[in-house]
2 protein chains.
Amino acid sequence: MNLFYTEKIEGNFAYMSEEEARHVVQVLRKREGDELRFTDGKGGMYTGKIAETGKKKCVLEITERKTEPSPPAGGLHIAIAPTKNINRYEWFLEKATETGLAEITPLFCAHSERKKVRLDRLEKILLSAMKQSLQTHLPQLNEPIKFSEFIKNAAAEQRFIAHCEADGDKNQLKDALQKGKSVLILIGPEGDFSPEEIAAAKAAGFVPVALGNTRLRTETAGIYAAAVTAAMNL
Amino acid sequence: MNLFYTEKIEGNFAYMSEEEARHVVQVLRKREGDELRFTDGKGGMYTGKIAETGKKKCVLEITERKTEPSPPAGGLHIAIAPTKNINRYEWFLEKATETGLAEITPLFCAHSERKKVRLDRLEKILLSAMKQSLQTHLPQLNEPIKFSEFIKNAAAEQRFIAHCEADGDKNQLKDALQKGKSVLILIGPEGDFSPEEIAAAKAAGFVPVALGNTRLRTETAGIYAAAVTAAMNL
């Protein structure tokens, strides 16, 4: 089964983007009258019949629509430092979207080697992973932000920092999670958060958590956090 | 911190492989008298002083040794179909090794597009991920095997098949897992297990489980299973 995506829904008609239309019409060779399933990325799941096609055009007449519930209690927000090798970050984005999360913030930290990300490229990965995993909620990808700025205003019912330093009162994420509550988890770059960042996060109310008992790479920490939070909320 | 690896330990001396020695001597520029930590991949964690070096030679005199406990109850065994794009499989191997597992079996299934894997290449990934994550147990990588052969003799205290078909009695892996028991999880290729394979596995005593509520790619299913099993056994 394929799931398609468009944001542009007006009345009983949905209009695919040029890229999605090209895929549907030229690659999959769908024709007028064919039925497709698509989502608006905001919880809507639609069935539609193709009403009109062109090389880069595909208009659908909606035949069925339903809304899927939001992720529990606002879901999971991971704020994570982009990795030096961007492939690793993109892999995290794909995998975390597949297991399901609500929001991602690229975080620039004291030890970050990478200072830039291309949001348009990352958006495409999220979109593709959402469709691949048959989900109807597109994770929100925020503008990159400095760690010190981010922790000032970051809100969630549960806020964790997954740093790698020894820290007496660190619980495992699995045990710290409370089912149904919104969660924000901070994950640092290669080289971890700086001691000053850890202290500032704790002062701002973030609770240190451990992600298992092995040393994880940044992107593995992100995937572990996403998978375990998704599982604990089932 | 770096962790190194060698299997060749005789009395009070450890002998690194040519590749590891080259890395230590030529890349990291370690010299006689320098101290290193290394593992034998079987639970042993050693500290040693470099006693002798050459371009591809590094002999260490052991100054400290301790043995880390085995993973709980024999740990986790994932039998998983190699993906068409081998990068995705290698990514799974790296990530699952980081979060921790005991054994991996490449499984050739009815819907497998890939019929070959290079075990030597995969072994290197496991070794590197074990060192990276500071672990002392190298996951055992088995010879690839046909699904029908594998399920005949596959043993573990808990045996699951993570197929994607609708199946009335399917529990979530998170709920089906019993802490401390050895676990074997079957994960299929792109296109899932065939109905015949699912029936055969069930007849052989494998219990169907769900890996969350989204449709996961093969390698994502593998990472999810590894992360969630590791977390539930903490």
Side-chain angles (χ1 to χ4, degrees), chain A residues 1-3 68-69 71-72 87-88 90-101 128-137 139 164 171-177 179 190-192 209-234, chain B residues 1-3 68-69 71-72 87-88 90-101 128-137 139 164 171-177 179 190-192 209-234:
Chain A
M1 190 199 124
N2 280 316
L3 180 65
E68 309 226 326
N87 289 338
R88 295 186 171 273
E90 293 180 357
W91 232 89
F92 155 73
L93 291 175
E94 179 180 303
K95 297 316 169 203
T97 302
E98 282 182 59
T99 62
L101 82 177
S128 161
M130 174 192 69
K131 293 191 292 180
Q132 164 73 31
S133 54
L134 306 181
Q135 293 181 82
T136 59
H137 291 275
C164 310
N171 281 321
Q172 288 289 343
L173 173 65
K174 185 223 19 165
D175 299 319
L177 280 170
K179 192 172 168 171
E190 290 97 337
D192 203 4
V209 287
L211 306 177
N213 293 326
T214 60
R215 181 177 72 174
L216 302 179
R217 283 177 180 274
T218 294
E219 73 280 8
T220 318
I223 297 165
Y224 178 99
V228 169
T229 305
M232 297 307 290
N233 276 288
L234 284 169
Chain B
M1 190 198 125
N2 281 315
L3 180 65
E68 308 226 328
N87 289 338
R88 294 186 171 272
E90 294 180 356
W91 232 89
F92 155 74
L93 290 176
E94 179 179 304
K95 297 315 170 203
T97 302
E98 282 182 58
T99 62
L101 84 176
S128 160
M130 175 192 69
K131 293 191 292 180
Q132 164 73 31
S133 55
L134 306 182
Q135 293 181 84
T136 59
H137 291 275
C164 310
N171 280 321
Q172 288 289 343
L173 172 66
K174 185 226 12 166
D175 299 318
L177 279 170
K179 192 173 168 171
E190 290 97 336
D192 204 2
V209 287
L211 305 178
N213 293 326
T214 60
R215 181 176 72 174
L216 302 179
R217 285 176 180 273
T218 294
E219 74 279 7
T220 318
I223 297 165
Y224 179 99
V228 169
T229 305
M232 298 307 288
N233 276 288
L234 283 169

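Here is the naming used below: chain letters follow the sequence lines, and residue numbers restart at 1 for every chain.
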Please list, chain by chain and in numerical order, all residues satisfying salt bridge (charged side-chain N to carboxylate O under 4.0 Å, His left out) with A:E190, sequence neighbours excluded.
none
With sequence neighbours left out, write down each residue that passes salt bridge (charged side-chain N to carboxylate O under 4.0 Å, His left out) with B:K174, or none if nothing qualifies.
none
In terms of heavy-atom pairs under 4.5 Å with chain B, the winner among A:V228, A:L211, A:N213, A:L216 is A:L216
Nearest-0.5 Å distance that lies between atom CD in A:E98 and atom CD in B:E219:
6.5 Å
Among B:A226, B:S133, B:A227, which residue has the highest count of heavy-atom pairs closer than 4.5 Å to chain A?
B:S133
Top contributor to chain B interface from A:Q135, A:Q172, A:Q132, A:E94 [non-hydrogen pairs under 4.5 Å]
A:Q132
Considering only heavy atoms, which portion of B:L234 lies under 4.5 Å from any heavy atom of chain A: side chain, backbone, both, or neither?
both
When rounded to the nearest 0.5 angstrom, what distance separates CG in B:N87 from CZ in B:F92?
15.0 Å
